[in-house]
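I have placed the structure first, in the form of structure tokens, so that the comments after it can refer back to it.
By convention in this document, chain letters (A, B, ...) are assigned in the order of the sequence lines, proteins followed by strands, and residues within each chain are numbered from 1.
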Protein chains: 4
Amino acid sequence: MAQRSRSVPRKKPRQERSRATVDAILEAAAHILVAHGFEDTTTRQVAERAGVSIGSLYQYFPSKEALITALFERQIQRVLDVCTEALQSQGSPSTQQVVRDVALGVMKAYAVNPRLHQVLISEGLKLGMMERVQSFEQRIETVVRTFMLHYSSQLRSRRVELATFVITRAIRGIIWSAAIERPELFEDPELADELGELMLGYLLPTSPSRSAK
Amino acid sequence: MAQRSRSVPRKKPRQERSRATVDAILEAAAHILVAHGFEDTTTRQVAERAGVSIGSLYQYFPSKEALITALFERQIQRVLDVCTEALQSQGSPSTQQVVRDVALGVMKAYAVNPRLHQVLISEGLKLGMMERVQSFEQRIETVVRTFMLHYSSQLRSRRVELATFVITRAIRGIIWSAAIERPELFEDPELADELGELMLGYLLPTSPSRSAK
Amino acid sequence: MAQRSRSVPRKKPRQERSRATVDAILEAAAHILVAHGFEDTTTRQVAERAGVSIGSLYQYFPSKEALITALFERQIQRVLDVCTEALQSQGSPSTQQVVRDVALGVMKAYAVNPRLHQVLISEGLKLGMMERVQSFEQRIETVVRTFMLHYSSQLRSRRVELATFVITRAIRGIIWSAAIERPELFEDPELADELGELMLGYLLPTSPSRSAK
Amino acid sequence: MAQRSRSVPRKKPRQERSRATVDAILEAAAHILVAHGFEDTTTRQVAERAGVSIGSLYQYFPSKEALITALFERQIQRVLDVCTEALQSQGSPSTQQVVRDVALGVMKAYAVNPRLHQVLISEGLKLGMMERVQSFEQRIETVVRTFMLHYSSQLRSRRVELATFVITRAIRGIIWSAAIERPELFEDPELADELGELMLGYLLPTSPSRSAK
DNA sequence: GATGAATGAGTTTTCATTCAT
DNA sequence: TATGAATGAAAACTCATTCAT
């Protein structure tokens, strides 16, 4: 008779019907969350959009918070998958290529439904999930940091930890802003180029013209 | 008998006492907003903290939305003031200095109560104030762009408009993240250095080692 | 085609397995009812503890009310059995013995799971089962009254009907209170003695010292 | 900014209107509680019967539980007042009179809205107010015990503490049962007589005919 | 102007009950 | 027959807003 946390799915779906219901609910929640924000997302709305009764929603998610948490986990997994895959470089690429890969990897990661990511992070913080949020972002940081350490000889010497923070948050800030304020930029190949340049200039050894500061 | 918009202050405070009341309310709202987030900020709480009755609050702000809007305007003004002042460069600074100034100016701007800024932006979006949000950020962009155009000959040629977007959003992303996840970084002088490096590498002419892409 | 009442078991268990299931359900219901109280007893909980599915529970009991009713009947039978047996006096006991037997008999009756008894009575009232409750308690009264009438010549003359009410309810009140507030009293042999004294003083012919009222 | 318990009135009514509202709510709650029982008493029902909005109810009672608690306090006070007043014996009454006074005092106490008393006790237990319930009943016990100790020389020697428990619970049991099952008995003067006899026989020195057990 | 009591629509959540598999 | 996923009415409670004093 283990005590169940309120933020944990009430039960695992065993049958196909269940799984479909759970998926529909999560999908609906993601949609409405992005469209309305957390507080304006009502459980009734989610259930309705998912095409299930409010009772069914609560059968699988014991609270609104649990629903968000589940969505969070799914998003975390997707983002990490994308990021990790992007940074699985093989061969011996040029330094430039390495840096561009970092930029592109982080960018791709944060571009996985950035609006949802943003809402989840912001709500996660309010829901007392600071630790979870931190660990989430830190997992991305870890992937990036590992990658950078591997090529550190080619990179400008610096505090890798701080650099990783700067890189990931800078790119995240750009991606999120683009998602919200300038969605058309996602179509613009130059955005990726600019991110590449931003990272190159930051990570590569100092150029002669800058050394004279 | 023009219909008054619901999002506009009901009346201008004419007397000193009124102004003091309005200020107290805005101050209280800012505090609670940062501490609790928008939805957990109740008008009653704000009135209480401001030391006025709920009725008085509604005398000055016809709705919660109007209160947020007013706070938004105040924040906009403060941020712009800081940004503009920081970018009032005189003399003929070195290119490096120019770039560092941009970085520092934007950083200072976004460091004006970054948590509040963030909540306001995020709520502004929900409240259908997208235009206002855009124009807010664009006013900062304008200051930055103007500054950059002035020194464009010394900077790496690029789409200035896009570059401005990238710069402001990157720095904003870093500042916001630091405010939430790593507040201790605000004490770390290296953070400003890193932002300077990030901007230098991005804005300065391509270094030899990078030209060979 | 008589309409089946909603408060009556849907079907009689014909097979052994059915009977076992029904028993398990009733046992579970009794346990949870005592532990949590009526409103905090959910049918799902009962089914779980009984080790059957919620569907099965409803196969045997068409409603929560029917379940309570069935439990009620079982409790009635048990209480009456205990009471009747206790009052099956043989031989020609002394007057004192008779009175003590009454006290002990009633006490034993109400001590059969007193918490459950209490919940059932209280819920029976809410469920509009006033008649059933009345008839239940009256059956105990009947046993007691019959017994008393049999020895009435030795008892102080009085309205037997009223006396029976007083006796049964007084003892019930004490037993219930002990069950809830002072469970340790059940171990204390003096409690039974006190009940005996209470009944002796009440039922025996008036003593000299009292006649002078 | 002291933390307020959830079971405590949210604020003290300062104005007349407020006091009237609070009274109306408590009155309505008492009525519905007696008629329907705790769980079938909805806050909306109470508000409706009190002629106020649901919001007003929650302005004064932060939870359903707080409402019940407030009612409880009021009932406690009334019952104790009645009991204490009844046992303020002056002069030097006969032993019989003393005992009858005890009986009558306890009876009167438990006859103050006995249905409400019963519901409150039973709900108090569920609400984790066991301590409060205990202390309530113990305050009545205290009044009774004090009274008895005062006349103990005239009473049959026994464990006063246990005797007090037996007396109060016996009478409570009878009164409650009468209130529920036989309300007409309240009109019957013989009921009081019977309670007196019950107590006399229990508390007075053992009569000769009983000593020979 | 200032106050704070009153309002009630709207939110999360529970749980008895049904019925397709 | 047994199962447990699905249902939805109904309950407790919140909070922006109004308005009599």
Could one point to a donor on the side chain of Arg44(B) or the base of dT14(F) with an acceptor on the other under 3.5 Å away? no
From CG of Leu67(D) over to C1' of dA11(F), roughly how many Å is that when rounded to an integer? 15 Å
Can you tell me which nucleotide in dT17(E), dA12(F), dA5(E) comes closest to the side chain of Tyr60(D)? dA5(E)
Between Glu39(C) and Glu123(C), is there a side-chain heavy-atom distance shorter than 4.5 Å? yes
Applying the 3.5 Å cut-off to both distances, the Watson-Crick or G-U partner of dT21(F) turns out to be dA2(E)
Can you confirm whether Val52(A) sits close enough to Ile25(A) that some side-chain heavy atom of one is under 4.5 Å from a side-chain heavy atom of the other? yes
Phosphate-side-chain proximity, Thr21(D) and dA6(E), N/O vs OP1/OP2 below 4.0 Å: yes
Find which nucleotide of DNA chain E each of Ser53(D) and Phe38(C) is nearest to by heavy atoms, and output the residue with the more 5' nucleotide. Ser53(D)
Hey, does Thr41(A) reach any base, or is it just sugar-phosphate, or nothing, if we go heavy atoms under 4.0 Å? sugar-phosphate
Could you state the CD-C1' distance from Gln59(B) to dT21(F), rounded to the nearest angstrom? 14 Å
What integer distance in Å separates Ile68(C):CD1 from dA16(E):P? 10 Å
Would Lys64(C) and Phe38(C) count as a cation-pi pair here, with the cationic atom under 6.0 angstrom from the ring centre and within 45° of the axis? yes
Given Ile68(C), which of Val119(C), Thr41(C), Leu120(C) fulfils the side-chain contact (heavy atoms from CB on, under 4.5 Å) condition? Leu120(C)
Starting from the 5' end of DNA chain F, give me the residue, Lys64(D) or Leu57(A), whose nearest nucleotide shows up first. Leu57(A)
For dT7(F), does OP1 or OP2 lie under 4.0 Å from any side-chain N or O of Tyr58(A)? no
Taking every heavy atom of Leu26(D) against every heavy atom of Ala70(D), the minimum-distance pair comes out as CD2-CB, 4.0 Å
Is the shortest side-chain N/O distance from Thr43(C) to OP1 or OP2 of dC15(E) below 4.0 Å? no
Roughly how many Å is it from CD1 in Ile54(C) to C1' in dT1(F), rounded to a whole number? 16 Å
Nearest whole angstrom, please: distance from the P of dA12(F) to the CD of Glu39(C). 11 Å
Interatomic distance, Ile25(D) CD1 vs dA5(E) P [rounded to whole Å]: 12 Å
Base, sugar-phosphate alone, or nothing: which one does Ser56(A) contact when heavy atoms must sit under 4.0 Å apart? base
For His36(A) and dG10(E), give me the distance from atom NE2 to atom P, rounded to whole Å. 14 Å
Separation of dA12(F) P from Phe61(D) CZ (nearest whole Å): 15 Å
